K.L.:
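Before I ask anything, let me first share the structure, which is written out below as structure tokens.
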Amino acid sequence: MPIDMKDIVSLCKRRGFIFPASDIYGGLNGFWDYGPLGTELKNNLRDRWWKDMVTTPPIGPDGAPVQIVGLDSSIIQNPKTWVASGHVGGFSDPMVDCKETKKRYRQDHLVVLTAEKADRWPAFHEETEDDEILKRLKKLGMPSDLSLFEKTNLTKLPIEDYAKIIGPDVKEPGTLTEPKEFNLMFETYTGAIQSEDSKAYLRPETAQGIFLNFKNVLDSSRVKVPFGIAQIGKAFRNEVTPRNFIFRSREFEQMEMEWFCHGGEAKMWQDFWLEERANFWKAVGLSDGNIIIRGHDADELAHYAKEGLGTSDIEYKFPFTDPGYGELEGIAHRCDFDLKAHEEHSGQKLAYLDPSRDNERYIPHVIEPAAGLTRGVLALICEAYTVDENRPSGVYLNFTPAMAPKKAAILPLIGKDEHVPIATKLYLELREEFPVDLDIKQNIGKRYARQDEIGTPYCFTIDNDTIADGTVTVRERNTMAQERISLDKVAEYLREKMKV
RNA sequence: GCGGGCGUAGUUCAAUGGUAGAACACUAGCCUUCCAAGCUAGUUAUGCCGGUUCGAUCCCGGUCGCCCGCUCCA
């Protein structure tokens with residue numbers, strides 16, 4: 001039975017994983033807030049990534065651990081950053097829409113045949129051949145004589161003239177909308193006075209902050225190429241169409257690592273990181289069958305990856321993409337595009353002097369595993385969501401113990417007996433090490449059901465036997481099976497399970 | 001951005017041009033020695049703005065949000 005996203009969205013809200021942002025004002029398209037449990041879940045995924053990248057990075061192909069250092073750069077950088085990176089300019093072209101055909105044109109790609117006396121001015125794509133223009137003039141019942149008209153680029157015409165313009169694919173004038181700016185970057189202003197000079201941008205990717213600090217890290221951290229710089233943080237894109245819950249939102253969180261290496265070794269490192277990253281997603285609980293690795297076709301490559309080895313995605317089969325897949329992480333070969341661009345625009349030397357290669361001086365190539373943290377959270381939730389009509393809750397979240405927001409619940413079997421003090425003591429002890437819940441109210445079945453719904457893997461129940469022989473019941477979420485273990489072994493038991 | 005659908009409690013759903021109901025959740029109490037989310041009670045809703053009307057949750061317009069398709073997606 002296919003999972004309905006509606007059920008997941010409502011569970012997320014009902015249990016405090018994810019809320020619509022500014023909910024009491026009716027929400028805001030493309031923004032979401034993480035509730036108490038969603039925050040724990042996101043932090044768990046984030047911390048695991050940081051550990052795998054920075055604290056205990058993998059063993060490299062040569063048998064030695066690779067070197068990766070962390071960074072936390074500013075969300076707002078000098079706006080020249082985004083000129084150099086290609087984000088300003090590339091996607092800020094004004095577009096006009098045709099109200100009739102719903103087609104969209106770049107304003108500067110259209111030329112208009114203007115004439116003082118005419119009240120209908122046909123527009124054409126700038127590359128349209130003259131003989132085709134003549135044909136169309138005939139169809140429109142206009143004199144087929146180009147000398148009567150002047151070719152004017154649409155950008156040169158005032159908006160008042162648009163009423164006279166006949167769009168490239170229609171017969172009547174007045175269907176073109178006024179030009180709209182189409183920039184995916186959020187704009188803001190630094191300082192209290194707003195002007196063009198103080199315009200700045202919220203970063204559309206965390207990567208550039210890493211490139212900006214390449215030299216600083218190199219000069220301060222005793223790293224040698226090949227090495228990596230890792231960063232986790234918010235990024236912002238004014239998506240045309242935010243869709244699919246938190247999958248495409250306008251504010252999201254990335255986990256990016258830029259791996260700097262010699263151009264000749266780029267292929268080896270891209271293969272290496274692709275495998276490492278796929279293993280990561282499996283380790284946090286995504287099943288083999290729901291993950292796919294897909295190479296980008298040439299025509300979908302980003303501007304920075306046009307040359308070189310291209311990009312491979314790690315994709316997940318979300319309920320809303322099924323039977324297809326949605327991107328979770330891209331492992332791109334960014335070549336030396338970014339450092340070179342920043343060298344040109346900043347005038348700073350960013351080449352690396354490599355003593356291990358006879359002091360060869362070169363701009364390192366970059367392999368970039370760039371993952372969506374918030375997309376990862378969604379994948380974890382979708383993967384964990386399990387319908388089970390044989391249990392009171394009807395559904396449970398099958399998180400791995402390591403990812404689960406709550407690792408265990410401590411439940412006194414009877415709420416007002418001497419079970420409560422023992423449970424409280426255990427709770428106080430366990431919470432030093434793990435996020436755990438103490439739940440006293442209502443009968444035991446309700447409490448198990450509640451924990452199932454938020455994906456708590458273990459419940460420890462204190463009963464009369466605990467008083468008699470110092471044992472507690474462990475109830476396992478997926479199987480609902482119970483076993484008894486010694487009260488003083490509970491912490492160790494949990495510690496053991498967290499490793500899985 | 002376009003087209004279509006939908007907005008009633010925390011969630012899932014009822015109903016009505018004139019007092020808005022239920023289930024579950026939540027809170028309190030009871031009961032309970034392990035799935036009994038059992039019993040009792042209680043809190044909580046017509047997205048927002050405007051129009052028509054004596055009266056609008058219902059009809060109309062706008063707006064915001066969600067879903068589906070297209071478009072877009074550095």
Side-chain angles (χ1 to χ4, degrees), chain A residues 4-7 9-16 19-32 35 82 85-92 95-104 177 180 182-185 203-205 207-208 235 237-245 247-250 296 300-306 311 320 326-327 330 332 334 337-338 368 370 388 390-396 411-419 441-453 459-468 472-475 477 480-484:
Chain A
D4 193 336
M5 277 309 289
K6 269 197 278 188
D7 297 331
V9 173
S10 84
L11 174 66
C12 282
K13 179 165 188 189
R14 188 153 43 86
R15 288 305 182 184
F19 308 125
S22 24
D23 202 8
I24 61 171
Y25 288 103
L28 185 61
N29 194 356
F31 297 88
W32 300 89
W82 310 108
S85 71
H87 290 84
V88 173
F91 271 74
S92 60
M95 310 288 273
V96 296
D97 290 328
C98 176
K99 282 182 272 193
E100 178 138 355
T101 62
K102 313 299 181 200
K103 288 197 177 178
R104 175 169 287 159
T177 64
K180 288 168 195 154
F182 222 67
N183 190 341
L184 262 50
M185 279 198 293
R203 65 183 176 199
E205 60 176 21
Q208 295 304 326
R237 291 181 196 173
N238 245 326
E239 296 288 354
V240 178
T241 313
R243 227 13 112 76
N244 292 325
F245 201 25
F247 182 78
R248 175 170 292 125
S249 48
R250 290 185 166 136
H296 277 206
E300 57 178 322
L301 286 175
H303 59 280
Y304 52 72
K306 288 266 194 285
T311 301
F320 49 82
E327 181 184 346
R334 292 182 78 127
F337 177 94
D338 301 276
E368 175 197 71
D388 178 5
N390 294 321
R391 68 176 68 207
S393 59
V395 65
Y396 65 103
L411 314 174
L413 188 56
I414 303 301
K416 52 184 177 180
D417 225 325
E418 54 266 348
H419 302 163
K441 294 286 181 183
Q442 294 172 324
N443 71 57
I444 194 73
K446 279 195 177 192
R447 284 177 283 166
Y448 284 150
R450 193 155 42 213
Q451 296 300 332
D452 280 348
E453 260 196 343
C459 292
F460 300 106
T461 305
I462 282 73
D463 59 12
N464 283 345
D465 289 350
T466 311
I467 299 161
V472 299
T473 303
V474 187
R475 184 261 195 186
R477 177 196 58 209
M480 300 192 276
Q482 302 189 352
E483 60 173 319
R484 289 199 81 88

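By convention in this document, chain letters (A, B, ...) are assigned in the order of the sequence lines, proteins followed by strands, and residues within each chain are numbered from 1. Given the structure is predicted, the values throughout are model-derived calculations rather than measurements.
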K.L.:
Pairing check on B/rC59: which nucleotide meets the Watson-Crick or G-U wobble criteria with it, both distances under 3.5 Å?
P.N.:
B/rG51
K.L.:
Whole angstrom is fine here: how far is it from CD in A/Glu453 over to C1' in B/rA37?
P.N.:
10 Å
K.L.:
Can any side-chain N or O of A/Arg447 pair as donor or acceptor with the backbone N or O of A/Pro412 at less than 3.5 Å?
P.N.:
yes
K.L.:
What is the distance, rounded to the nearest whole Å, between atom CG of A/Leu184 and atom C1' of B/rG1?
P.N.:
13 Å
K.L.:
Does a distance-only test, which skips hydrogens and angles, find a donor-acceptor pair under 3.5 Å between the side chain of A/Tyr25 and the base of B/rC64?
P.N.:
no
K.L.:
Return the nucleotide paired to B/rC66: Watson-Crick means purine N1 to pyrimidine N3 with N6-O4 or O6-N4, wobble means G-U with N1-O2 and O6-N3, both under 3.5 Å.
P.N.:
B/rG5
K.L.:
Any idea which of B/rC35, B/rG29, B/rA37 is nearest the A/Gln482 side chain?
P.N.:
B/rC35
K.L.:
So does A/Arg391 get a side-chain nitrogen or oxygen closer than 4.0 Å to the phosphate oxygens (OP1/OP2) of B/rA37?
P.N.:
no
K.L.:
A/Thr461 and A/Thr466: which non-hydrogen atoms are nearest, and at how many Å?
P.N.:
O-OG1, 4.2 Å
K.L.:
Can you say whether a donor on the side chain of A/Thr241 sits under 3.5 Å from an acceptor on the base of B/rG1, or the other way round?
P.N.:
yes
K.L.:
To the nearest angstrom, how far is A/Ile24 atom CD1 from B/rU44 atom C1'?
P.N.:
16 Å
K.L.:
In whole angstrom, give the distance that lies between atom CG of A/Asp23 and atom P of B/rC48.
P.N.:
13 Å
K.L.:
Go through the side-chain N and O atoms of A/Arg475 and A/Gln451 and say whether any donor and acceptor fall under 3.5 Å apart.
P.N.:
no
K.L.:
Who is the Watson-Crick or G-U wobble partner of B/rU27, with both distances under 3.5 Å?
P.N.:
B/rA41
K.L.:
Establish, for the pair A/Arg477 and A/Tyr396, whether the NZ or CZ atom is under 6.0 angstrom from the six-membered ring centre and no further than 45 degrees off its axis.
P.N.:
no
K.L.:
Counting only side-chain heavy atoms from C-beta out, which of B/rC66, B/rC34, B/rG29 sits nearest to A/Thr473?
P.N.:
B/rC34
K.L.:
A/Asn443 has an atom CG; how far is it from atom P of B/rA25, in whole Å?
P.N.:
10 Å
K.L.:
Contact class for A/Arg450 vs. all strands (heavy atom < 4.0 Å): base, sugar-phosphate, or nothing?
P.N.:
sugar-phosphate
K.L.:
Compare side-chain N and O positions of A/Lys13 against OP1 and OP2 of B/rU11 and report whether any pair is under 4.0 Å apart.
P.N.:
yes
K.L.:
Considering every strand and a 4.0 Å limit on heavy-atom distances, what is the contact class for A/Arg475: base, sugar-phosphate, or nothing?
P.N.:
base
K.L.:
Side-chain N or O of A/Arg15 less than 4.0 angstrom from OP1 or OP2 on B/rC26?
P.N.:
yes
